[in-house]
> 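Have a look at this one.
One is the number of the first residue; the rest follow in order along the sequence.
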Amino acid sequence: MVFYTCGPNEAMVVSGFCRSPPVMIAGGRVFVLPCVQKIQRISLNTLTLNVKSEKVYTRHGVPISVTGIAQVKIQGQNKEMLAAACQMFLGKSENEVAHIALETLEGHQRAIMAHMTVEEIYKDRQKFSEQVFKVASSDLVNMGISVVSYTLKDIHDDQGYLVSLGKARTAQVQKDARIGEAVAKRDAGIKEAEAQQAKVSSQYVNEIEMAKAQRDYELKKASYDLEVNARKAESDLAYQLQVAKTKQKIEEQKVQVQVVERTQQIQLQDQEIQRKEKELEARIKKPADAERYRLEKIAEAERMRLITEAEAEAESIKVKGEARAYAVEVKARADAEQMAKKAEAFQEYQDAAIVDMLLEKLPEIVDEISKPLTEVKKIKLISSGGSEVGASKITGEVLDILNRLPDTVERLTGVSINQSGYRKPGRMS
């Protein structure tokens, strides 16, 4: 008995005595009885096949040449496929097995090429490879051979058909590229113009808003400055008036103090006279001398009293006159400021201010017109028979004088009270 082994890349087939059917062992060991049993080996190596199909006419009659690469091997793990391979290839070399598989693959490759166009084969190589792999595998399986892989390696022709396809596609791609570039440039230019326009618009809007804000700020600042200046002027005027009033009160108090001092001096002098009179009375003198002395002293005291009263009255009059003069001066300043304000108002409001002043003085004018009538004690009225007589006649005369006032004012000032349209609050026109 002989012991045999084989590697994983081959299979042993033992036939003969007690080996029916034959025993197939892929990558293992076996005992063989010499002379009554026979052992054979078959290769399980992968075979690389260069499948070439030269000048095969496609579906549209264009001859092309295709080269594919296929990997095939005898399947040793599947007992049925190994049995079929042993029946067909046992005793043959690897080259013979490869030639048989190559012829089968080339036939199927040619058949598939005849059913497809050049464009389909050229553009979709994966589809072509899958069809060859599928059809060839179904046939080779029956031989015990499995197709491990199939790849389309090369496609070419002698007529320049594929070159023309490439040129047309290249031209199309170049055309699309140029069109795409032009469209991209156009879109970029449009976007850039839109962006520039939006930028300029936004800039103008911002400048307008800034100008509005600056305008509002200037207007409010001017309004606030005007209000502050007006309040400041009022405050200064009120302060000056208050100072004037305070000074006037101080001067009046000084005058009062001086008057009191003079009065006290007079009282002291009276008390001194009374004391002297009592002293005179207390002394022992002759009645005549005493009377004479008393009369002299009384006369002297009276004279001194009169002098003192006169001096006090003169001083009082002087102080009061100074106080009144200062008060008149302060009032004159206040009136001057008031007149200046009125002048400014007259300058601003022009005719309306003049009319306002005239209307303020109108009651005084009427009073002066009617004043002579109040001094009249007796009036004799003589009627010609065609007019009114009595109080209504006098009232009519006064009203006639008043009706002539607007014409007189217009001739003097150039301002028409009737046409000015001025109406002062609280007054009927």
Side-chain angles (χ1 to χ4, degrees), residues 46-72 102 104-140 146-220:
T46 300
L47 304 176
T48 300
L49 306 178
N50 192 10
V51 185
K52 291 183 179 182
S53 300
E54 299 289 340
K55 297 180 181 180
V56 178
Y57 288 92
T58 60
R59 187 172 64 186
H60 291 165
V62 179
I64 60 173
S65 300
V66 173
T67 301
I69 301 297
Q71 306 290 336
V72 299
L102 179 61
T104 303
L105 282 170
E106 186 179 353
H108 289 300
Q109 183 172 279
R110 283 176 172 270
I112 293 172
M113 289 171 64
H115 289 84
M116 295 180 70
T117 64
V118 178
E119 288 80 1
E120 290 176 345
I121 298 172
Y122 180 75
K123 293 180 180 180
D124 196 353
R125 297 190 177 194
Q126 180 68 25
K127 179 180 178 182
F128 177 79
S129 300
E130 288 176 355
Q131 290 187 7
V132 174
F133 178 85
K134 180 179 179 181
V135 174
S137 294
S138 61
D139 280 353
L140 292 175
S146 65
V147 180
V148 179
S149 66
Y150 174 83
T151 304
L152 182 59
K153 181 180 179 181
D154 181 45
I155 301 175
H156 64 276
D157 70 315
D158 297 334
Q159 307 297 324
Y161 187 83
L162 294 174
V163 175
S164 300
L165 286 178
K167 289 182 179 180
R169 180 58 182 166
T170 300
Q172 181 66 31
V173 170
Q174 290 177 351
K175 182 185 75 172
D176 294 341
R178 288 192 297 271
I179 293 173
E181 183 179 2
V183 171
K185 287 182 179 179
R186 181 201 64 189
D187 294 342
I190 293 173
K191 294 294 183 182
E192 184 177 358
E194 292 176 351
Q196 185 67 23
Q197 182 180 3
K199 178 182 177 182
V200 173
S201 300
S202 177
Q203 183 177 359
Y204 288 160
V205 169
N206 291 335
E207 290 179 357
I208 291 172
E209 293 298 329
M210 290 174 64
K212 288 182 179 179
Q214 184 67 23
R215 180 201 62 188
D216 296 341
Y217 167 75
E218 295 294 339
L219 290 176
K220 289 185 178 179

> Mind running side chain to side chain contact (heavy atoms under 4.5 Å, CB included) on Thr117 and Val62 for me, showing each step along the way?
CA-CA 8 Å; Thr117 64; Val62 179; over 6 Å; no

> Does a side chain donor of either Thr46 or Gln71 reach within less than 3.5 Å of an acceptor in the other side chain?
no

> Under a 3.5 Å distance rule, please check whether Ser65 uses its side chain to pair with a backbone N or O of Asp157 as donor and acceptor.
no

> Of all heavy-atom pairs between Val56 and Ser53, which one has the smallest distance, and what is that distance?
CG2-CB, 3.7 Å

> I'd like to know whether Leu140 forms a side chain to side chain contact (heavy atoms under 4.5 Å, CB included) with Thr104, so could you lay out the CA-CA distance, the side-chain angles of the two residues, the decisive distance to 0.1 Å, and finally the verdict.
CA-CA 8 Å; Leu140 292 175; Thr104 303; 3.8 Å; yes

> Atom CD1 of Ile190 and atom CZ of Arg186: how far apart are they, to the nearest 0.5 Å?
5.5 Å

> I'd like to know if Arg110 and Glu106 make a salt bridge, using a cut-off of under 4.0 Å between side-chain N and carboxylate O.
yes

> Rounded to the nearest 0.5 Å, how far apart are CD of Glu120 and CZ of Phe128?
11.5 Å

> Between Met113 and Ile64, is a side chain to side chain contact (heavy atoms under 4.5 Å, CB included) present by the stated rule, with each step listed?
CA-CA 9 Å; Met113 289 171 64; Ile64 60 173; 3.8 Å; yes

> Please output the side-chain donor-acceptor pairs of residues 147-155 that fall under 3.5 Å, not counting sequence neighbours, one pair per line with the distance.
from: Tyr150; atom 1: OH; to: Gln109; atom 2: OE1; distance (Å): 2.2
from: Asp154; atom 1: OD2; to: His156; atom 2: ND1; distance (Å): 3.0

> If you compare all heavy atoms of Ile121 against all heavy atoms of Thr58, which two are closest, and at what distance to 0.1 Å?
CD1-CG2, 4.4 Å

> Only one of Lys134, Gln126, Lys127 clears side chain to side chain donor-acceptor pair (under 3.5 Å) with Glu130; which?
Gln126

> Output a table of donor-acceptor pairs, distance under 3.5 Å, between side-chain atoms of residues 192-219 and any protein atom two or more places apart or on a different chain; print 'none' if there are none.
from: Ser201; atom 1: OG; to: Gln197; atom 2: O; distance (Å): 2.9
from: Asn206; atom 1: ND2; to: Ser202; atom 2: O; distance (Å): 3.2
from: Gln214; atom 1: NE2; to: Glu218; atom 2: OE2; distance (Å): 2.9

> Kindly indicate, with the supporting measurements, whether the criterion side chain to side chain contact (heavy atoms under 4.5 Å, CB included) is fulfilled by Leu105 and Asp139.
CA-CA 9 Å; Leu105 282 170; Asp139 280 353; over 6 Å; no

> How many angstroms lie between atom CE of Met116 and atom CD1 of Ile112, to the nearest 0.5 angstrom?
8.5 Å

> Can you measure from CD1 (Ile69) to CG (Asn50) and round to the nearest 0.5 angstrom?
4.0 Å

